[in-house]
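Chain identifiers are assigned alphabetically (A, B, ...) following the order of the sequence lines, protein sequences preceding nucleic acid strands; residue numbering begins at 1 within each chain.
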Amino acid sequence: MEPIYLTIALDTPLDRLFDYRWEPSPDNPLPQVGQIALVPFGRQEMAGLILAVHSQTDVPADKIKSVLAVRHQCPALDARWIALCQFAANYYQRPIGEVAIPALPKNLRVPKPTSLDRNLKKLAKLALAKLDSVEPSSPPDLNREQHQAVETITSKSGFAPYLLHGVTGSGKTEVYLQTAARMLARQEQSQVLILVPEINLTPQLEGNIRQRFPGLQVATLHSGMAEGERLLHWLSSHTGQARIILGTRLAILSSLPHLQLIIIDEEHDPSYKQQEGLRYSARDLAVWRAHQLGIPVVLGSATPSLETWQHSKAGRYIKLELQERAVQAAVLPIVKIINTEREKPSEGLTQRLISAIRLRLEKGEQSLLFLNRRGYAPVIHCDACGWMSNCTRCTAHLVMHKLDKKLRCHHCGWEQRIPRACPTCGNVDLQALGRGTQRLEEGLQAIFPEARVFRIDADSTRLKGSAEAAFDTVHRGDVDILIGTQMVAKGHDFKNLTLVAALNPDSALFSQDFRASERLFAQLMQVAGRAGRAGQKEGGNPSEVLIQTRYPDHPLYHALMHHNYQGFADDLLEERQQAAMPPFIYQALLRAEAKELETAILFLKEAAHCTAHHGITINDPIPMTMTRVHNVDRAQLLVESNSRPALQAFLREWLADLRAIKTRVKWGVEIDPVDI
DNA sequence: AGCACGCCGACT
DNA sequence: GTCGGCGTGCTC
């Protein structure tokens, strides 16, 4: 028999495919497109995705190698999944292998195949185990708006993108669940994908889903899972056994052959953007995938991204408003602004805030203080000579961590003991400047010695599973005052919480990043939404949100005071349009890093010095805001266009030219960057 | 990107 | 005499 040649995509930055020989034999079934093959590559062995099977090849006979094995145990990935990877590869300007291969569970990629047969048997057990442990619950009645949202989404057929816009407590989750229920009931094998920003912070949602759909298999997909477990859940999605798939951004690249609905909760959340490797937007890929499959996609948020908001204003997305709070007695919290120029804080707390906390303590209610800065103090300083605790490897301060007596760089991980005296002049009186969550905790405990003060941040929840335990402590009511970073803003309903305070959120107002205020608004709205979610207590006052700021007249805080997302978003959009910024134009970023900043800048200058392209703006190279991280200097070059296709076409050509430049600079391009 | 090969400087 | 620095070249 004639040999067969397989065209295979591999996880390598080389922008081409590789042909391998496959020897036919009566024992081995013919390989198929979409199957995974194990091949020799250079001196390594790798797993690749079969993209074509043919009887000929252009590769010279002395170069071609043979396939080591084909993973017949894993059913082939279908053409639509491959098309998704191909789209992402083209759009983000990377080879398809760099998209497709990392999207597969590791156990399918390692040279020694794990026993898939055993795992497939395990799948059935997994489903049963989950069924035993839940108590089924029935769906609550929907209010008029929720009902209409479910009706609208389920009445149309074909591709339709929806923006489900509703404040915290308006019952978006219930719309997700009942929409999912209808789609699942409609077809024997249908699957629903639900994306959440961070799965570890939403155990409640997973619980709800399992209770509401007791007969159905639920798969979860996120980066915190063990490889064996990951394989099981991925396979259950891939084989169609899992009907509901709950996952983080990486789940958008999973194989879902019977997908009928995609839901993206908190669609504005920055964690939908992958920030390393293939820098994809799970939200954008979700919309593309829904379009490809001709199915609805629901983007839910109280504070939609300006991209999504603009789509809905332009009529490209269908807007569904939830304005009533679904929980009967729940009312919006009262937002008050405290001017810290007039009321000077001590220990970071104004007198008004301290009184508000005291009132909650007396009533046995909880308070939440939001301070987005972990550690004790962001820097220490010598008054005598001006020395500051700077990281020698990064353009950043070493943060003081008092509990473990360390100075720590939050960017490169460097740590050292807190010096007893100033390293340059010997002064023993070093000052902690500024305030992190640890210092706030210390101050609060001093003011309220009897109160149970509790801190939740990346430091207090470093151990696996400890975040969930920490949240449980708060839910149980074992906490009076909760201090937290952005970790506490997401997902959790605190039933006894009636006071939320934001300390010192001002820095984002003047950030270089034009998206900083959009993010701050979303974050404050979200954290404000933690208060009083279970409804008003008998005879109680509405929950309160206090913002301590030096800029009490800033429009962002005024919008927040009036719960006016729409006004805020419309104003920002107006500004963005005037200034020709996203979402009205499209951007790509060329980043370069080298030992010396000058080397990186020079590379970017050379890159910028290309033939002019109509409709493309190439800006000047600039050092990144945080120039040096871990002894590497970084610079970037922004490319803009008002036409997405024009930008794409330019990038394709440009990157080919850049690859030809002989350089030691490490560089890469990011499409639709969100952190500038 | 890995991973080799290859040709020049300081070590047991 | 070797270990190892990173320049250059290749991966079906």
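- Without hydrogens or angle criteria, Ser389(A) side chain to Leu398(A) main chain gives a donor-acceptor distance under 3.5 Å.
- Distance CG (Leu10(A)) to P (dC10(C)): 19 Å, rounded to an integer number of Å.
- As a whole-Å value, the separation of Asp62(A) CG from dT11(C) C1' is 14 Å.
- Using a 4.0 Å heavy-atom cutoff across all strands shown, Leu14(A) reaches at least one base atom of the nucleic acid.
- Here Lys662(A) reaches the OP1 or OP2 of dT8(C): one of its side-chain N or O atoms lies under 4.0 Å away.
- Atom pair Lys63(A):NZ and dG9(C):P shows a separation of 14 Å (rounding to whole Å applied).
- Remark: C1' of dT11(C) and CZ of Arg16(A) are 7 Å apart, rounded to the nearest angstrom.
- A donor-acceptor pair under 3.5 Å is formed between the side chain of Asn372(A) and the backbone N or O of Gln486(A).
- Atoms CZ (Arg659(A)) and P (dT11(C)) sit 18 Å apart, rounded to a whole Å.
- When side chains are defined from C-beta on, Ile244(A) does not count as touching Gln191(A), because their heavy atoms never get closer than 4.5 Å.
- Taking every side-chain heavy atom of Gln44(A) into account, dG2(B) is the closest of dT8(C), dG2(B), dC12(C).
- Across dA1(B), dA4(B), dT11(C), the shortest atom-to-atom separation from the side chain of Arg43(A) is found for dA4(B).
- Each of dG7(C), dA1(B), dC12(C) was ranked by its minimum atom distance to the side chain of Thr12(A); first place goes to dA1(B).
- One can place CZ of Phe41(A) at 13 Å from P of dC10(C), the figure rounded to the nearest angstrom.
- For Arg230(A) (side chain) and Pro105(A) (main-chain N/O), no donor-acceptor pair under 3.5 Å exists by modelled atom type.
- If you measure from atom CD of Glu45(A) to atom P of dC3(B), you get 13 Å, rounded to the nearest angstrom.
- Protein atom CG of Asp11(A) is 12 Å distant from nucleotide atom P of dA1(B), rounded to whole Å.
- Within the nucleic acid shown, Pro40(A) comes within 4.0 Å of sugar-phosphate atoms alone, with no base atom in reach, counting heavy atoms only.
- For the residue pair His268(A) and Thr308(A), no side-chain donor N or O sits within less than 3.5 Å of a side-chain acceptor on the partner.
- Residue Tyr20(A) is in sugar-phosphate contact alone, with no base atom involved, counting any heavy-atom pair closer than 4.0 Å across all strands shown.
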